[in-house]
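Presented below is the structure to which this report refers.
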Amino acid sequence: MIYIGIDVAKDKHDCFITNSDGEILFNPFTISNNREGFETLFQRIKSVAEDFSKIKVGLEATGHYSYNLLGFLLDKGLPTYVINPLHTNLYRKSLSLRKTKTDKVDSRTIATMMMSDVNLKSYSDTSYHNEELKSLTRYRFDKVKERAKLKSSVSRLVCTLFPELEKLIPTLHLASVYALLSEFPSADAVANAHLTRLSNLLSESSKGRYGKDTAVMFRDAARSSIGSHMPAKSLELKHTIKLIQELTVEIDEIESAIKRIMDEQIQSPILTIPGISYRMGAMIIAEIGDFSRFDSADKILAYVGMSPSTYQSGQLDNCYSHMEKRGSRYLRYALYNATKYVCHWDESFGAYLEKKRSEGKHYNVALSHATKKLVRLIFAMEKSGKTYLPTA
């Protein structure tokens, strides 16, 4: 068997090639992060082994830096393994007490690790193409977070310019309210607005829900408002609302792309679980990736960082173990949020959550137990391909 260890960086990659007998076939060498460098690596691999089934290529999970090289190796049909950097770091420390870390040493470490670790799962085409879904779900997550900050800014600005408005409506974040504030971004502007224009604006933006009565109510409140007349704040409010509207359009476009991938390429049974939407379902699938990489649901929980940490030495044994919280924060977010909805919409999960609460557990602790139950369910469904059947 031939083992190739690759330490990935932004502009170059360090490689090391050895065999099962420990014979060094190529001393650590560096390739550029371009087509010529990739071909150089491939030719050297071909020179030592024609049968690709007897080759194992290992590289660390370094985000977007490894993506192009990983795609190249998979396209060439080379069995490739993506290793957690934490795993590599611990393995390197186990080999020597000296603090020696260089790119060339890392490439050798990865190759040696490939020789010793029989439990590594090869990276599949499914995992590689799943990166598109992961990219979209994370992109959406960041956009939604950005929009939430802007919505907080709207609340802050309205509190200064027209504080009475928030008490007259269910929420500031309505299309009709945004339309109103975009054209009349202060109590003073609303107070001096023509009633016909105000009525028409509210009626059009709310699709007939609000009309003249609401316009009169807003104008009366504006005329007695304690809101400040600050043109600079009014301008900021208009621009903030515009940014929110633009972000909403972008988020809708991203969600359409996510739905298309889930329906046409992924076709996961996870969406048959009551309470799991395309948004959370796609993020869970994208962050876990290829389920064949995991032997059990507990391995996924460890990957998520939801396994309790363990400390035992002599007679000392930790009584209050905490979650490790390693792994993808996006996946933890998606699982916890999905669990809340599943517990609301599915009777068996709701009963399980209440059972844990009745045992005296804090809500978040009880929810974490329900999340583990959900992960085990998702793992079983993905392995079997069967849709969800509610328990009687």
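Throughout, residue positions are numbered sequentially from 1 according to the sequence presented. Computed from heavy atoms alone, side chains included, the values below leave out hydrogens, waters and symmetry copies.
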Less than 4.5 Å apart, side chain to side chain, heavy atoms only: is that true for Thr248 and Tyr178? no
How about Ile273 and Met381: do any of their side-chain heavy atoms sit closer than 4.5 Å? yes
Ring-face cation of Lys76 near Phe52 (centre distance under 6.0 Å, axis angle within 45°):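 Verdict for Phe52: no cation-pi partner in Lys76.
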For Ile2 and Leu25, the nearest pair of non-hydrogen atoms, with its separation, is CD1-CD1, 3.5 Å
Worked verdict on Phe379 versus Phe294 for ring pair (Phe, Tyr, Trp, His ring centres under 6.0 Å): CA-CA 9 Å; Phe379 179 78; Phe294 303 96; 7.7 Å; no
Look at [X] together with [Y] and state whether they make a salt bridge at an N to O cut-off of under 4.0 Å.
X      : Y      : result
Glu255 : Lys143 : no
Glu146 : Lys149 : no
Glu287 : Arg138 : yes
Asp298 : Lys372 : no
Lys355 : Glu359 : yes

In a table with atom names and distances, give each donor-acceptor pair under 3.5 Å that connects a side chain of residues 162-170 to protein atoms at least two apart or in another chain.
from, atom 1, to, atom 2, distance (Å)
Glu164, OE1, Ser225, OG, 2.5
Glu164, OE2, Ile226, N, 3.1

If you count every heavy atom of other residues, nucleotides or ligands that lies below 6.0 Å from [X] atom [atom1], does the total exceed 12?
X      : atom1 : result
Tyr388 : OH    : yes
Lys233 : NZ    : no
Glu246 : CD    : yes

Centroid separation Phe141 to Tyr333 less than 6.0 Å: yes
If we count only N and O atoms by modelled type, under 3.5 Å, do the side chains of Ser268 and Glu382 hold a donor and an acceptor together? yes
